[in-house]
> 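Sharing a structure here in structure tokens format.
By convention in this document, chain letters (A, B, ...) are assigned in the order of the sequence lines, proteins followed by strands, and residues within each chain are numbered from 1.
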Amino acid sequence: MPEGHTLHRVAAELRDRFAGRIVTSSSPQGQFILGAARVDAHRLVDVDAWGKHVLVRFDGVGEQVHVHLGLFGRWTFTVSEDVVPVVGEVRWRLLSESVVAELRGPAACELLSPREVAALLARLGPDPLRDDADPDEAWHRISASRAPLATLLMDQAVVAGIGNVYRAEVLFRHRLQPDLPGRELARSTWDAIWADLVNLMRDGVRSGQIDTVRPEHMPLAMGREPRDDAHGGEVYVYRRSGMPCLVCGTIVRTKAVAGRNLFWCPQCQGADRLTG
DNA sequence: ATCCGATGTCAAT
DNA sequence: TTGACCTCGGATC
């Protein structure tokens with residue numbers, strides 16, 4: 001679930017349902033008792049997503065609530081008519097009239113002072129989902145780095161919001177060797193990658209899933225129809241190790257890069273230097 | 001009933 | 001590079 005598109009979606013839903021309203025705030029699970037109490041009975045002003053981080057502002061409260069889902073966290077929204085099974089522990093619950101938002105399993109749910117918010121934002125690279133993002137900032141880091149693209153793309157200080165799926169898929173879509181050093185990337189290729197990320201991630205916000213296989217790329221020769229993967233939309237390589245590449249039929253490979261499983265097609269993505 | 005992996009990140013080594 | 005942390009659901013016994 002949680003790459004940048006998920007969090008922008010969450011921010012939009014929180015904004016739509018709660019902005020401008022007085023909310024009841026609590027921490028049933030207990031780990032956010034003080035923070036939840038601090039904003040309880042205040043008016044929720046607005047919600048912002050920056051990469052994978054969500055910040056919630058309240059009227060008359062100097063701090064903002066910072067939420068990061070990590071790998072496991074999730075938000076659920078329910079209205080009073082909904083019948084929803086009780087699952088797990090709720091770190092933070094927001095209630096306004098008939099709407100309830102519940103946060104479970106986040107890596108972070110905390111109050112941040114304005115100074116801390118500024119520090120958080122300062123260490124994030126441009127977010128393809130924000131209109132104010134400047135892809136040049138990412139380019140400066142990439143073009144100065146010997147690190148492999150597959151590592152750079154996962155670095156939130158380079159580009160904020162990319163996760164393991166977008167990383168693998170965007171490398172495939174641009175036929176790039178995952179271990180190509182950043183400094184060897186052509187500027188024109190970076191521009192194309194950025195433009196692609198903007199489109200793919202906006203699409204992800206719209207649909208709520210990551211879907212990177214476009215009809216014009218579907219190889220008719222494979223005789224396959226697009227189908228939903230267990231983890232969401234149709235993808236070229238993510239979690240498809242051992243299966244034939246949708247474009248050329250070569251077996252998709254996997255290897256841990258930057259602590260996560262990277263998936264790539266050794267044929268489509270250039271000379272196979274990533275053999276380890 | 002139990003195991004294991006997961007669209008994440010940080011600190012410690 | 002590894003371990004720790006957050007939690008759930010699907011696979012496996």
> Can you label the angle between the A/Trp194 ring and the A/Trp190 ring as parallel, tilted or perpendicular, going by 30° and 60°?
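If you compare the ring of A/Trp194 with that of A/Trp190, the planes turn out tilted.
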> Keeping to residues at least two apart or across chains, list the side-chain hydrogen bond (donor to acceptor under 3.5 Å, both in side chains) pairs with something in residues 22-43 of chain A.
A/Ser25-A/Trp92, A/Gln29-A/Gln31, A/Gln29-A/Arg91, A/Arg38-A/Glu63
> Could you verify whether a donor N or O on one side chain and an acceptor N or O on the other, from A/Thr212 and A/Glu169, lie under 3.5 Å apart?
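Their side chains do contain a donor-acceptor pair, which is all the 3.5 Å distance test asks for.
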> Taking the six-membered ring of A/Phe172, is the NZ or CZ of A/Arg175 close enough (under 6.0 Å from the centre) and on axis enough (within 45°)?
yes
> Using whole Å, report how far CG of A/Asp155 lies from C1' of B/dG8.
13 Å
> Return the orientation label for the A/Phe77 and A/Phe18 ring planes: parallel under 30°, perpendicular over 60°, tilted otherwise.
tilted
> How long is the line joining CE of A/Met154 and P of B/dT9, in whole Å?
7 Å
> So which nucleotide from B/dT9, C/dC8, C/dC6 ends up closest to the side chain of A/Phe72?
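Closest nucleotide among those given: C/dC6.
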> Do you know which two heavy atoms are closest between A/Arg93 and A/Val100, and how far apart they sit?
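Heavy atoms only, the tightest pair is CG-CG1, 3.8 Å.
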> Is any side-chain nitrogen or oxygen of A/Gln209 closer than 4.0 Å to OP1 or OP2 of B/dT7?
no
> Take atom CZ in A/Arg130; do more than 12 heavy atoms of anything else shown fall under 6.0 Å from it?
yes
> Between A/Asn261 and A/Ala258, just flag the one whose closest nucleotide in DNA chain B comes earlier from the 5' side.
A/Asn261
> For A/Glu169, which contact category applies under a 4.0 Å heavy-atom criterion: base, sugar-phosphate, or nothing?
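Contact class for A/Glu169: none.
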> Using the P atoms only, state how far C/dG3 lies from B/dC4, rounded to an integer number of Å.
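That atom pair is separated by 15 Å.
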> Protein-nucleotides 10-13 of chain B N/O pairs closer than 3.5 Å?
from   : atom 1 : to       : atom 2 : distance (Å)
B/dC10 : OP1    : A/Arg123 : NH1    : 3.1

> Checking A/Asn199 against A/Arg202: is there a side-chain donor and acceptor pair closer than 3.5 Å?
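No, no side-chain donor-acceptor pair sits under 3.5 Å.
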> Just the rounded figure in Å: distance from C1' of C/dC8 to CG of A/Leu103.
14 Å
> Between B/dT13 and C/dC5, how far apart are the two P atoms, rounded to whole Å?
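Straight-line distance between the two P atoms is 14 Å.
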> In whole Å, I'd like the distance from the CG atom of A/Leu153 to the C1' atom of B/dG8.
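About 16 Å, once rounded to whole Å.
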> Using OP1 and OP2 only, check whether a side-chain N or O of A/Tyr166 sits under 4.0 Å from B/dT7.
no
> Using a cut-off of strictly less than 4.0 Å, decide whether A/Gln156 has a side-chain nitrogen or oxygen near OP1 or OP2 of B/dT9.
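True: A/Gln156 side-chain N/O within range (under 4.0 Å) of B/dT9 OP1/OP2.
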> Whether A/Lys52 contacts B/dT9 is assessed here as follows: a side-chain N or O lying under 4.0 Å from the phosphate OP1 or OP2. Is that the case?
yes
> Calculate the interatomic distance between A/Phe263 atom CZ and B/dA6 atom C1'; express it in whole Å.
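Atom-to-atom, A/Phe263 to B/dA6, this comes out as 10 Å.
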> Taking side-chain contact (heavy atoms from CB on, under 4.5 Å) as the definition, give me every residue that meets it alongside A/Ala195, ordered by chain and number, with sequence neighbours left out.
none
> Which pair of non-hydrogen atoms, one from A/Val257 and one from A/Arg167, has the smallest distance, and what is that distance?
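The pair with the smallest heavy-atom distance is O-NH1, 3.0 Å.
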> Between C1' on B/dG8 and OH on A/Tyr238, what's the gap in Å once rounded to a whole number?
11 Å
> Please give me the minimum heavy-atom distance between A/Phe263 and A/Thr254, naming the atom from each residue.
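In this case the closest contact between A/Phe263 and A/Thr254 is CE2-OG1, 3.4 Å.
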> Verify the neighbour count for atom CG of A/Asp131: are there more than 12 heavy atoms of other residues, nucleotides or ligands below 6.0 Å?
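Counting neighbours around CG of A/Asp131, 12 or fewer heavy atoms of other residues, nucleotides or ligands fall under 6.0 Å, so no.
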> Determine the interatomic distance between C1' on B/dT7 and the same-named atom on C/dT1; round to the nearest Å.
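These two C1' atoms come out 22 Å apart once rounded.
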> A/Gln29 has an atom CD; how far is it from atom P of C/dC5, in whole Å?
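Distance, rounded to whole Å: 15 Å.
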> Which of residues 63-71 of chain A sit near DNA chain B, with a heavy atom under 4.0 Å from it?
A/His68, A/Gly70, A/Leu71
> Output the rounded distance in Å from CG (A/Leu124) to C1' (B/dT9).
12 Å
> Could you tell me how far B/dC10 sits from C/dC8 if I compare only their C1' atoms? Round to whole Å.
22 Å
> So which protein nitrogen or oxygen atoms get under 3.5 Å of nucleotides 2-4 of chain C's nitrogens or oxygens?
none

> So, is A/Arg74 near the phosphate of C/dC6, with a side-chain N or O under 4.0 Å from OP1 or OP2?
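So the side-chain polar atoms of A/Arg74 never come under 4.0 Å of the phosphate oxygens OP1 or OP2 of C/dC6.
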> Contact class for A/Arg260 vs. all strands (heavy atom < 4.0 Å): base, sugar-phosphate, or nothing?
base
> List, one per line, each side-chain donor-acceptor pair under 3.5 Å for residues 155-162 of chain A, sequence neighbours excluded.
from     : atom 1 : to       : atom 2 : distance (Å)
A/Asp155 : OD1    : A/Ala157 : N      : 2.9
A/Gln156 : OE1    : A/Gly161 : N      : 2.9
A/Gln156 : NE2    : A/Met154 : O      : 3.3
A/Gln156 : NE2    : A/Ile162 : O      : 3.0

